[in-house]
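Counting starts at 1 for both ligands and their atoms, following the listed order.
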Amino acid sequence: MPDADLVVRGGAVVLRHGVERADVAITDGVVTAVGPDLGRTGVTEVDATGLHVLPGVVDPHVHFNEPGRTHWEGIASGSAALAAGGGTTYLDMPLNSLPATTDGPAFDGKRAAAEAASHADFGLWGGLVPGGLGRLEELAGRGAAGFKAFLCDSGVAEFAPVDDLTLVEGMRRCADLGALVAVHAESATMVAGLARRAVAAGRTGARDFAESRPVIAELEAISRAVFLAGETGCSLHVVHVSTPLGVELVERASAAGVDVTCETCPHYLVLTVDDLEELGAVAKCAPPLRSAADGDGLWKLIARGALPIVASDHSPCPPELKAGADLFQAWGGISGCQTTLNLLLAEGHGRRGLPLASVAAITAGNAARRFGLAGKGAIEVGADADLAIVDLSREWNLQTSELRYRHRHSPYAGRRVRGRVVRTLLRGRTVALDGRPVAPPGGRLLRPSVDRNGQRAGSQRTW
Ligand SMILES: [Zn+2]
């Protein structure tokens, strides 16, 4: 074996099929060998004895809000927080930045900002919005990760929801482009009507907000999107599904031949509507937090492999937008890109016995495959050396002082987390040490890989 630049020595390495005590040799940022006792080939060595080595988290759903709303988060602080939590790749959503990423120049502007400031590799979602169909091709040509559409109000005026005609025509074009469409699935008319009714009656508390966005509104929208994906031959991904019934709709459509997947988020797995009532707007999101039974159901779907991806949907804002008792007025969005791995290690692996290989699959491998991120999401020869080195013996209650976000609020404050991330490596380079960024930004744009037939590499259902 030729000399490696770096050997991560003696860790419990989380591979696709299980955990093995092994060394990981890295040359030019790429894994060149994984195995026991690789010999003294490394120019530099990292001692991982007693530690676990996981693939760096691949978070396909964040809003870092740059350019334009950098004061809400920004790429530098958002990606530093991700790296501190073991993250090495993210896909940034097209909205909440200004301009929204709905045309080529907006994509170029966000790409330049991320190349200057990102501590992790990144992909950029484009937007599918009314009037924007003529822009899909220029976005796909620049390497957009896929196209995000809202079936209900997005929360920001500059990113309009799709009508059914825009959705079906957009899906047709995306099918031709080999691009994937991601949808926020809640019925616009149901949630708007229920919200109007609640606000008019002065019912603006946490439970009123949750009841204005019922499960049926989510299921109706998922059903519609899945139907149109089947009709158009478009690859579909349903973001942040909050209820097991939603995942089951996706599962049934997939079994019937529609190319559809979905994700859930840590907040639907570890928080409930009772937490929303207790914590207030810091735990506001859409779809809203649901019941403990919904959370249990989602964990069961993860355990049997039917729910392949857990994304943070990190959607931060300044604290003043979370102030006040009116839950309809407060900004909806949870800050969470730093804590996904720690929460899943505590609640999933620790409390519910989810194998570490499954934790790695739902936090990294499956998203990398689905979104065609070549070289990402798994520790194997030829892959990028993106690693989260974790001390699983460490378990503690999360403190907001640990957070690297621009605004250090989190609905998980005080909650049990596990697995201190002692070092994060991006392509073999240490980017975070014990929760602190330690290297200048060096993130690169990732384009979804496409095979010779123009089909997305990740489009087949492989889990
Ligand atoms: Zn989102």
Side-chain angles (χ1 to χ4, degrees), residues 57-66 68-69 72-75 78-79 81-82 87 89-98 100-102 110 114 122-129 144-162 180-186 188 191 209 213 217-218 221-222 225 236-243 246 261-269 271 281-290 309-317 321-322 330-340 363 367 370-371 405-407 409-411:
V57 171
V58 175
D59 191 338
H61 190 157
V62 303
H63 302 259
F64 287 162
N65 306 339
E66 187 171 345
R69 286 193 180 91
W72 287 22
E73 181 63 272
I75 290 160
S79 65
L82 182 88
T89 296
Y90 61 91
L91 302 182
D92 190 68
M93 282 292 169
L95 69 160
N96 303 350
S97 51
L98 288 169
T101 318
T102 50
K110 186 181 277 189
F122 59 92
L124 304 179
W125 289 94
L128 169 56
V129 293
F147 293 92
K148 170 81 174 289
F150 271 74
L151 303 194
C152 62
D153 183 70
S154 74
V156 290
E158 68 277 2
F159 198 95
V162 287
L180 179 146
V181 168
V183 291
H184 175 130
E186 288 182 288
V191 300
F209 170 74
R213 307 186 84 107
E218 192 176 345
I222 293 174
L236 175 68
H237 180 70
V238 184
V239 299
H240 52 50
V241 177
S242 70
T243 165
T261 48
C262 65
E263 73 193 23
T264 191
C265 309
H267 38 271
Y268 301 119
L269 295 167
L271 301 174
V282 74
K284 178 185 173 182
C285 56
L289 297 176
R290 306 270 189 215
I309 295 169
V310 178
S312 72
D313 191 9
H314 179 72
S315 184
C317 69
L321 296 183
K322 292 285 196 187
W331 174 254
I334 282 177
S335 294
C337 72
Q338 189 178 331
T339 48
T340 298
T363 58
R370 178 55 170 165
F371 301 112
Y405 311 137
R406 181 176 299 270
H407 305 289
H409 52 75
S410 163

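For the Zn ion (ligand 1), protein N/O/S neighbours under 2.8 Å (waters excluded) are His61 NE2, His63 NE2, Asp313 OD1.
Note on ring orientation: taking the six-membered ring where Trp is involved, the planes of Tyr405 and His314 are tilted (angle from 30° to 60°).
Scored by the ring-ring contact (aromatic ring centres under 6.0 Å, His included) test, His240 finds His61, His184 as partners (sequence neighbours excluded). In this structure Tyr268 satisfies the ring-ring contact (aromatic ring centres under 6.0 Å, His included) test with no other residue, sequence neighbours excluded. The side-chain hydrogen bond (donor to acceptor under 3.5 Å, both in side chains) test applied to Arg213 returns Glu186, not counting sequence neighbours.
With a 4.5 Å cut-off on side-chain heavy atoms, Cys285 and Asp313 do not count as touching.
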Practice item. Show your reasoning for whether side chain to side chain donor-acceptor pair (under 3.5 Å) applies to Arg290 and Ser242. Key: CA-CA 7 Å; Arg290 306 270 189 215; Ser242 70; 2.8 Å; yes

